[in-house]
Amino acid sequence: MGINPGSRRAVFLDRDGVINRAVVRDGRPYPPASVDDVELLPGVDAALRRLKAAGYLLIVVTNQPDVARGLQSRDAVEAIHARLASVLPIDAFRVCYHDDQDACACRKPQPGLILDAAREYDVDLGASAMVGDRWRDIEAGRLAGCASIFLDYRYAERQPDEPDAIVTSLEEAADWILSKDGDRTS
(Lines give C-alpha, C1' and ligand atoms only; values in the text may rest on other atoms or scores of the structure.)
Protein backbone atom coordinates (compact mmCIF):
# COMPACT_ATOMS: atom_id res chain seq x y z
CA MET A 1 0.00 0.00 0.00
CA GLY A 2 2.91 2.36 -0.65
CA ILE A 3 4.48 2.32 2.81
CA ASN A 4 8.17 1.57 3.32
CA PRO A 5 9.05 -1.19 5.77
CA GLY A 6 9.90 0.16 9.19
CA SER A 7 12.25 -1.26 11.75
CA ARG A 8 9.81 -2.15 14.53
CA ARG A 9 7.30 -4.98 14.93
CA ALA A 10 3.78 -4.48 16.17
CA VAL A 11 0.74 -6.45 17.13
CA PHE A 12 -2.39 -4.58 16.09
CA LEU A 13 -5.37 -5.55 18.23
CA ASP A 14 -9.06 -5.03 17.85
CA ARG A 15 -10.56 -3.95 21.17
CA ASP A 16 -14.00 -5.46 21.81
CA GLY A 17 -13.81 -9.25 21.79
CA VAL A 18 -10.00 -9.32 21.78
CA ILE A 19 -8.98 -7.31 24.85
CA ASN A 20 -12.30 -6.83 26.61
CA ARG A 21 -15.45 -8.89 26.52
CA ALA A 22 -17.86 -7.84 23.79
CA VAL A 23 -21.55 -7.60 24.61
CA VAL A 24 -23.14 -10.28 22.40
CA ARG A 25 -26.77 -9.82 21.35
CA ASP A 26 -28.45 -12.09 18.80
CA GLY A 27 -25.06 -13.61 17.99
CA ARG A 28 -23.41 -10.26 17.16
CA PRO A 29 -20.77 -8.42 19.22
CA TYR A 30 -21.19 -4.87 20.53
CA PRO A 31 -18.94 -2.62 22.62
CA PRO A 32 -19.46 -2.07 26.33
CA ALA A 33 -21.59 1.00 27.04
CA SER A 34 -19.25 2.57 29.59
CA VAL A 35 -15.98 2.11 31.42
CA ASP A 36 -17.92 0.42 34.25
CA ASP A 37 -19.02 -2.29 31.79
CA VAL A 38 -15.48 -3.14 30.62
CA GLU A 39 -14.39 -6.66 31.53
CA LEU A 40 -10.94 -7.85 30.47
CA LEU A 41 -10.94 -11.25 28.85
CA PRO A 42 -9.05 -14.02 30.67
CA GLY A 43 -5.32 -14.15 29.91
CA VAL A 44 -5.19 -10.79 28.10
CA ASP A 45 -2.79 -9.13 30.52
CA ALA A 46 -0.32 -12.04 30.44
CA ALA A 47 -0.53 -12.37 26.64
CA LEU A 48 0.12 -8.66 26.11
CA ARG A 49 3.02 -8.66 28.56
CA ARG A 50 4.61 -11.63 26.74
CA LEU A 51 4.30 -9.84 23.39
CA LYS A 52 5.67 -6.62 24.88
CA ALA A 53 8.62 -8.49 26.42
CA ALA A 54 9.37 -9.95 22.96
CA GLY A 55 9.70 -6.41 21.60
CA TYR A 56 6.33 -5.84 19.95
CA LEU A 57 4.54 -2.52 19.99
CA LEU A 58 0.91 -3.07 21.04
CA ILE A 59 -1.50 -0.89 19.09
CA VAL A 60 -5.27 -1.08 19.43
CA VAL A 61 -7.13 -0.39 16.17
CA THR A 62 -10.87 -0.20 16.72
CA ASN A 63 -14.02 0.78 14.87
CA GLN A 64 -16.43 2.66 17.15
CA PRO A 65 -19.32 3.54 14.79
CA ASP A 66 -21.75 4.04 17.67
CA VAL A 67 -20.26 7.53 18.00
CA ALA A 68 -21.33 8.40 14.43
CA ARG A 69 -24.71 6.76 15.12
CA GLY A 70 -25.25 8.94 18.20
CA LEU A 71 -25.36 5.90 20.51
CA GLN A 72 -22.02 6.55 22.23
CA SER A 73 -19.87 9.59 22.99
CA ARG A 74 -16.20 10.06 22.17
CA ASP A 75 -15.66 10.81 25.85
CA ALA A 76 -17.02 7.37 26.80
CA VAL A 77 -14.77 5.66 24.24
CA GLU A 78 -11.75 7.62 25.45
CA ALA A 79 -12.58 6.77 29.08
CA ILE A 80 -12.58 3.07 28.16
CA HIS A 81 -9.20 3.50 26.48
CA ALA A 82 -7.77 5.36 29.46
CA ARG A 83 -8.92 2.53 31.73
CA LEU A 84 -7.38 -0.13 29.46
CA ALA A 85 -4.13 1.85 29.19
CA SER A 86 -3.94 2.11 32.98
CA VAL A 87 -3.89 -1.67 33.44
CA LEU A 88 -2.38 -3.04 30.20
CA PRO A 89 0.92 -2.39 28.36
CA ILE A 90 -0.75 -0.83 25.30
CA ASP A 91 1.36 1.66 23.35
CA ALA A 92 -1.36 3.41 21.34
CA PHE A 93 -5.04 3.48 20.44
CA ARG A 94 -6.29 4.25 16.93
CA VAL A 95 -10.02 4.77 16.59
CA CYS A 96 -12.37 5.12 13.62
CA TYR A 97 -15.50 6.93 14.75
CA HIS A 98 -17.17 6.70 11.32
CA ASP A 99 -20.00 4.52 10.06
CA ASP A 100 -19.98 2.51 6.82
CA GLN A 101 -21.69 5.20 4.75
CA ASP A 102 -18.88 7.64 5.58
CA ALA A 103 -16.63 5.60 3.22
CA CYS A 104 -13.48 6.61 5.11
CA ALA A 105 -10.06 4.98 4.77
CA CYS A 106 -9.82 4.27 8.50
CA ARG A 107 -12.89 2.08 9.07
CA LYS A 108 -11.94 -1.56 9.00
CA PRO A 109 -11.93 -3.50 6.66
CA GLN A 110 -9.95 -0.60 5.18
CA PRO A 111 -6.37 -0.65 6.50
CA GLY A 112 -6.04 3.08 7.25
CA LEU A 113 -5.74 2.78 11.03
CA ILE A 114 -2.97 0.20 10.66
CA LEU A 115 -1.14 2.06 7.89
CA ASP A 116 -1.22 5.38 9.78
CA ALA A 117 0.10 3.75 12.96
CA ALA A 118 2.80 1.94 10.98
CA ARG A 119 4.02 5.23 9.53
CA GLU A 120 3.99 6.98 12.90
CA TYR A 121 5.73 4.19 14.81
CA ASP A 122 8.13 2.97 12.07
CA VAL A 123 6.49 -0.47 11.89
CA ASP A 124 7.50 -3.27 9.53
CA LEU A 125 4.06 -4.55 8.56
CA GLY A 126 5.47 -7.78 7.12
CA ALA A 127 6.86 -8.64 10.56
CA SER A 128 3.66 -7.61 12.36
CA ALA A 129 0.26 -9.14 13.06
CA MET A 130 -3.37 -8.10 13.37
CA VAL A 131 -5.56 -9.92 15.91
CA GLY A 132 -9.31 -9.58 15.59
CA ASP A 133 -12.62 -11.31 16.18
CA ARG A 134 -14.46 -10.14 13.03
CA TRP A 135 -13.92 -10.43 9.29
CA ARG A 136 -13.27 -6.67 9.08
CA ASP A 137 -10.21 -7.00 11.33
CA ILE A 138 -8.75 -9.86 9.31
CA GLU A 139 -9.31 -8.08 6.00
CA ALA A 140 -7.71 -4.86 7.31
CA GLY A 141 -4.65 -6.81 8.44
CA ARG A 142 -4.41 -8.63 5.12
CA LEU A 143 -4.70 -5.38 3.14
CA ALA A 144 -2.01 -3.79 5.31
CA GLY A 145 0.36 -6.71 4.76
CA CYS A 146 0.26 -8.14 8.29
CA ALA A 147 -0.30 -11.69 9.40
CA SER A 148 -3.98 -11.91 10.40
CA ILE A 149 -5.11 -13.93 13.39
CA PHE A 150 -8.82 -14.61 13.84
CA LEU A 151 -10.26 -15.05 17.32
CA ASP A 152 -13.24 -17.25 16.49
CA TYR A 153 -16.25 -16.79 18.75
CA ARG A 154 -18.63 -18.17 16.12
CA TYR A 155 -20.60 -14.95 15.85
CA ALA A 156 -23.72 -15.07 13.67
CA GLU A 157 -22.14 -12.99 10.91
CA ARG A 158 -19.78 -13.19 7.96
CA GLN A 159 -16.60 -15.15 8.60
CA PRO A 160 -13.19 -13.95 7.38
CA ASP A 161 -11.51 -15.22 4.23
CA GLU A 162 -8.33 -17.17 4.89
CA PRO A 163 -6.84 -15.79 8.11
CA ASP A 164 -3.26 -16.89 8.77
CA ALA A 165 -4.36 -18.50 12.03
CA ILE A 166 -7.62 -19.24 13.84
CA VAL A 167 -7.49 -19.21 17.66
CA THR A 168 -9.86 -19.09 20.61
CA SER A 169 -8.01 -16.63 22.87
CA LEU A 170 -5.45 -13.84 22.85
CA GLU A 171 -3.12 -16.23 24.68
CA GLU A 172 -3.26 -18.61 21.69
CA ALA A 173 -2.70 -15.68 19.33
CA ALA A 174 0.39 -14.66 21.31
CA ASP A 175 1.66 -18.26 21.15
CA TRP A 176 1.24 -18.24 17.36
CA ILE A 177 2.96 -14.85 16.95
CA LEU A 178 5.85 -15.80 19.21
CA SER A 179 6.29 -19.17 17.43
CA LYS A 180 6.70 -17.22 14.18
CA ASP A 181 9.53 -15.25 15.83
CA GLY A 182 11.39 -18.55 16.12
CA ASP A 183 10.76 -19.20 12.42
CA ARG A 184 12.28 -15.81 11.51
CA THR A 185 15.37 -16.21 13.67
CA SER A 186 16.26 -19.77 12.66
Side-chain angles (χ1 to χ4, degrees), residues 11-49 51 58-100 102 104 106-114 117 129-142 146-161 163-177:
V11 176
F12 298 97
L13 304 137
D14 182 47
R15 189 188 80 184
D16 306 317
V18 174
I19 294 172
N20 57 273
R21 189 171 307 282
V23 177
V24 180
R25 292 188 301 267
D26 298 323
R28 298 202 48 171
Y30 296 90
S34 72
V35 71
D36 294 333
D37 298 323
V38 173
E39 177 188 346
L40 290 183
L41 288 165
V44 164
D45 184 49
L48 293 179
R49 292 191 189 286
L51 291 166
L58 302 176
I59 302 172
V60 173
V61 290
T62 181
N63 289 346
Q64 295 297 319
D66 284 353
V67 173
R69 296 171 186 160
L71 303 172
Q72 178 69 282
S73 71
R74 278 187 187 232
D75 288 346
V77 171
E78 290 168 11
I80 289 170
H81 293 166
R83 169 78 173 113
L84 293 173
S86 75
V87 296
L88 298 170
I90 295 169
D91 294 296
F93 290 85
R94 291 282 193 253
V95 184
C96 174
Y97 291 108
H98 303 107
D99 206 345
D100 283 331
D102 295 325
C104 64
C106 58
R107 182 163 165 75
K108 296 177 289 180
Q110 297 302 315
L113 293 175
I114 296 170
M130 171 70 208
V131 181
D133 65 331
R134 303 183 80 182
W135 73 269
R136 292 172 175 275
D137 305 318
I138 302 312
E139 183 67 5
R142 187 187 68 73
C146 296
S148 294
I149 304 161
F150 179 53
L151 226 72
D152 190 0
Y153 292 118
R154 306 214 185 281
Y155 296 138
E157 63 181 20
R158 175 180 168 181
Q159 296 297 295
D161 297 326
D164 293 293
I166 300 173
V167 298
T168 59
S169 70
L170 188 56
E171 290 171 301
E172 283 183 36
D175 289 344
W176 189 89
I177 292 164

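Basis for what follows: all heavy atoms, side chains included, without hydrogens, waters or symmetry-related copies. The first residue in the sequence is number 1, and the count goes up from there.
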Discussion item. To the nearest 0.5 Å, what is the distance between OH on Tyr97 and CD on Gln64?
Written reply: 7.5 Å
Practice prompt. Nearest 0.5 Å please: distance from the CZ atom of Arg15 over to the CG atom of Asp137.
Written response: 12.0 Å
Worksheet item: To the nearest 0.5 Å, what is the distance between CD1 (Ile177) and CD1 (Ile149)?
Response: 3.5 Å
Worksheet item: At their closest point, which heavy atom of Pro163 faces which heavy atom of Ile166, and how far apart are they?
Response: CG-CG1, 3.7 Å
Discussion item. If I compare all heavy atoms of Val18 with all of Leu41, which pair ends up nearest, and what's the gap?
Written reply: O-CD1, 3.5 Å
Practice prompt. Taking the side chain as every heavy atom from C-beta outward, state whether Asp14 and Leu151 have any atom pair closer than 4.5 Å.
Written response: no
Worksheet item: Considering residues, nucleotides and ligands other than Asp26, do more than 12 of their heavy atoms fall under 6.0 Å from its CG?
Response: no
Fill in: Derivation and outcome, side chain to side chain contact (heavy atoms under 4.5 Å, CB included), residues Val67 and Val95
CA-CA 11 Å; Val67 173; Val95 184; over 6 Å; no
Worksheet entry | Nearest non-hydrogen partners of Ala33 and Ala76, listed with the distance | O-CB, 4.4 Å
Practice prompt. State, with a plain yes or no, whether a side-chain heavy atom of Ile90 is found less than 4.5 Å away from one of Ile19.
Written response: yes
Discussion item. Taking ring pair (Phe, Tyr, Trp, His ring centres under 6.0 Å) as the cut-off, I'd like each qualifying pair that reaches into residues 26-47, sequence neighbours left out, listed once.
Written reply: none
Worksheet item: Got a sec: does the CZ of Arg94 have more than 12 other heavy atoms crowding it under 6.0 Å?
Response: yes
Discussion item. On a heavy-atom basis, which atom in Asp133 and which in Gly17 lie closest, and how many Å separate them?
Written reply: OD2-CA, 3.4 Å
Fill in: side chain to side chain contact (heavy atoms under 4.5 Å, CB included) assessment of Asp99 paired with Arg107
CA-CA 8 Å; Asp99 206 345; Arg107 182 163 165 75; 4.2 Å; yes
Worksheet item: Asp91 side chain to Ile59 main-chain N or O, any donor-acceptor pair under 3.5 Å?
Response: no
Response to the item:
Residues Ala140 and Pro111: closest non-hydrogen pair is O-CB, 3.6 Å
Worksheet, complete the sentence: Quick note, salt bridge (charged side-chain N to carboxylate O under 4.0 Å, His left out) partners involving residues 34-43, not counting sequence neighbours, are Arg21-Glu39
Worksheet item: Quick one: does Val61's side chain get under 4.5 Å of Cys96's, heavy atoms only?
Response: no
Fill in: Euclidean distance, Tyr153 OH relative to Thr168 OG1, rounded to 0.5 Å
8.0 Å
Worksheet item: Atom NZ of Lys108 and atom CD1 of Ile114: how far apart are they, to the nearest 0.5 Å?
Response: 7.5 Å
Worksheet item: Taking only residues two or more places apart in sequence, or in another chain, which ones meet Asp16 in a salt bridge (charged side-chain N to carboxylate O under 4.0 Å, His left out)?
Response: none
Discussion item. Measuring from atom CG of Leu88 to atom CG of Leu58, what distance do you get when rounded to the nearest 0.5 angstrom?
Written reply: 9.0 Å
Worksheet entry | Salt-bridge contact Asp66-Arg69 (side-chain N to carboxylate O under 4.0 Å) | yes
Worksheet entry | Leu40, Val60, Val44 screened by side-chain contact (heavy atoms from CB on, under 4.5 Å) with Leu84, the one that passes | Leu40
Practice prompt. Could you tell me which non-hydrogen atom of His98 sits nearest to which non-hydrogen atom of Cys106, and how far apart they are?
Written response: ND1-SG, 3.3 Å
Worksheet item: Side chains of Val131 and Val11: does their closest heavy-atom pair fall under 4.5 Å?
Response: yes
Item to complete: Would you please test Arg136 and Glu139 for salt bridge (Lys or Arg N to Asp or Glu O under 4.0 Å) and show each step?
Response: CA-CA 5 Å; Arg136 292 172 175 275; Glu139 183 67 5; over 6 Å; no
Worksheet item: Is there a side-chain contact between Asp152 and Gln159, using heavy atoms and a 4.5 Å cut-off?
Response: yes
Discussion item. Contact between Glu157 and Pro29 at the side-chain level, heavy atoms closer than 4.5 Å - yes or no?
Written reply: yes
Worksheet item: Can you find a heavy atom in the side chain of Thr62 that is under 4.5 Å from one in the side chain of His81?
Response: yes
